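Keep in mind that what you see is a predicted model, and the values were worked out from it rather than measured. Sequential numbering from 1 along the given sequence is applied to the chain's residues.
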Amino acid sequence: MRPERQVRRIGHRVRGLVGAAALVAASALLVTVPAVSASAHNSVVSTTPAEGSVVTEQPGQVSLTTNDELLDLGTGAAMLVQGPDGLYYGDGCAVIDGASAAADVDLGEAGTYTVIWQVVSTDGHPISGEWTFDWQPADGVVLGTGTDAPACGGDVSASAVPSTDGGSDDADGSDADAAASVPTDLLWLGGGVLVAVIAGAVTWLVVRRRP
C-alpha cells in the first residue's frame, strides 16, 4: 500500500477514535452532573407565615418548603416558635412531608415572633436558620400559652444568621461553594476521560502498525 494512502487511513481512524472519546467524555459528564447536584444542600424557597409578614389570625402552624426532598429520620427536625416574651409556642416538633416541614402552633401576646428551624437536607446534612413575622391578633382571637422549653428541638441553635429566604447564611454559602465547584470538577473529569481515550487509541494504532 502506498505511504500516502496509509497516512490517510490512519488519519481517518484517529479522527474516528477522537470522536468516540468525545462521546465517552460527554456521557461521563451527563452521569456526573446529577450526582454532583444531588450532593448540594437544600435551600428554602418559601415560608408560612412569610418573612416579615403581618398575621392577624391564628396560623395553626408554621411551615417551610425547600427545593428538594427532606429526610425524615425521626429526629433532627424541629421548628421552634419564640414569642416577644421569650417563651416558646407550640411543641416545636416538625413533621416532614416531602420537601416541606411544618409544626403546630398557637401564638400568644402580640409582637414579633421568630421561627428557629432545623431539618435534614437530602444529602444527609442538617441545615438550619430562622425567620420572623409580626403577630397582631384581631379582636376576639384566642391566644395560646407559651412555655419555657419546647418538647422538641431543645438543641436547635438560634445563632444561625437568617437570610432573606428564611435559610441561614451558612447553608446558602455551602450551596454557593458547591455550585461554584461543579464546572471545574466536570471540566477535569471530561478532560481526563478524553486524554485517556486518545492515549489508548494512539497506543493501539502504534502497536497495530508494528510488523
Side-chain angles (χ1 to χ4, degrees), residues 37-38 40-176 179:
S37 299
H41 295 327
N42 292 40
S43 59
V44 177
V45 296
S46 66
T47 62
T48 302
E51 166 76 28
S53 64
V54 177
V55 179
T56 59
E57 300 291 340
Q58 287 286 5
Q61 66 174 204
V62 293
S63 65
L64 63 82
T65 301
T66 69
N67 65 328
D68 204 346
E69 297 287 308
L70 296 171
L71 297 185
D72 187 0
L73 305 179
T75 59
M79 300 189 76
L80 312 184
V81 183
Q82 189 172 36
D85 51 7
L87 298 178
Y88 293 94
Y89 292 83
D91 59 12
C93 302
V95 176
I96 303 300
D97 182 12
S100 299
D104 294 335
V105 64
D106 284 320
L107 305 177
E109 66 177 72
T112 299
Y113 281 69
T114 302
V115 182
I116 307 159
W117 58 269
Q118 177 176 290
V119 293
V120 181
S121 181
T122 190
D123 63 357
H125 293 95
I127 56 175
S128 61
E130 61 183 56
W131 83 89
T132 61
F133 61 90
D134 289 330
W135 169 231
Q136 298 179 10
D139 293 340
V141 172
V142 178
L143 302 181
T145 302
T147 59
D148 291 328
C152 299
D155 58 347
V156 175
S157 173
S159 62
V161 179
S163 67
T164 55
D165 62 358
S168 69
D169 282 352
D170 291 340
D172 292 344
S174 298
D175 289 340

- Query: Taking all non-hydrogen atoms of both residues, which atom of W135 and which atom of V55 are closest, and how far apart?
  - Reply: CE3-O, 3.2 Å
- So which heavy atom on N67 is nearest to which on S43, and how close? OD1-N, 2.8 Å
- Item | For V115 against V81, the heavy-atom pair lying closest together | CG2-CG2, 4.4 Å
- Query: If you look at every heavy atom in G108 and L143, which pair is closest and at what distance?
  - Reply: O-CD2, 3.3 Å
- Tell me the ring-ring contact (aromatic ring centres under 6.0 Å, His included) pairs involving residues 69-99, sequence neighbours left out? Y89-Y113
- Query: Will you find, in the side chains of T114 and T132, an N or O donor that is under 3.5 Å from an N or O acceptor?
  - Reply: no
- Message: Quick check: closest heavy atoms across G111 and P84, and the distance to 0.1 Å?
- Response: CA-CG, 3.9 Å
- Give a yes or no on whether D97 atom CG has more than 12 heavy-atom contacts from other residues, nucleotides or ligands under 6.0 Å away. no
- Message: When you compare the side chain of T65 with that of S100, does any pair of heavy atoms fall below 4.5 Å?
- Response: yes
- Message: side chain to side chain contact (heavy atoms under 4.5 Å, CB included), that's the test. Do I127 and V119 meet it? Break it down for me.
- Response: CA-CA 6 Å; I127 56 175; V119 293; 3.6 Å; yes
- Message: I'd like to know if the side chain of D68 reaches the main chain of N42, judged simply by a donor and an acceptor atom lying under 3.5 Å from each other, with no hydrogens or angles considered.
- Response: no
- Task: Heavy atoms only: give me the nearest C152-L80 pair and the separation to one decimal.
- Result: O-CD2, 3.2 Å
- Query: Under the side chain to side chain contact (heavy atoms under 4.5 Å, CB included) criterion, do L87 and D148 qualify, and how do the steps go?
  - Reply: CA-CA 5 Å; L87 298 178; D148 291 328; 3.2 Å; yes
- Q58 side chain to V141 main-chain N or O, any donor-acceptor pair under 3.5 Å? no
- Message: Please evaluate residues M79 and L64 with respect to the criterion side chain to side chain contact (heavy atoms under 4.5 Å, CB included), reporting the C-alpha separation (whole Å), side-chain torsions for both, the decisive distance (0.1 Å), and the verdict.
- Response: CA-CA 9 Å; M79 300 189 76; L64 63 82; 3.9 Å; yes
- May I ask you to decide if P49's main-chain N or O and W131's side chain share a donor-acceptor pair within less than 3.5 Å? yes
- Message: Taking the side chain as everything from C-beta on, heavy atoms only, tell me whether L107 gets closer than 4.5 Å to P59.
- Response: yes
- Task: Could you walk me through whether W117 and V44 pass side chain to side chain contact (heavy atoms under 4.5 Å, CB included), step by step?
- Result: CA-CA 11 Å; W117 58 269; V44 177; 3.6 Å; yes
- Item | Donor-acceptor contact below 3.5 Å, side chain T66 vs main chain A99 | yes
- Roughly how far apart are Q118 CD and T75 OG1, rounded to 0.5 Å? 9.5 Å
- Could you give the distance from OG1 (T56) to CG (D139), rounded to the nearest 0.5 Å? 10.5 Å
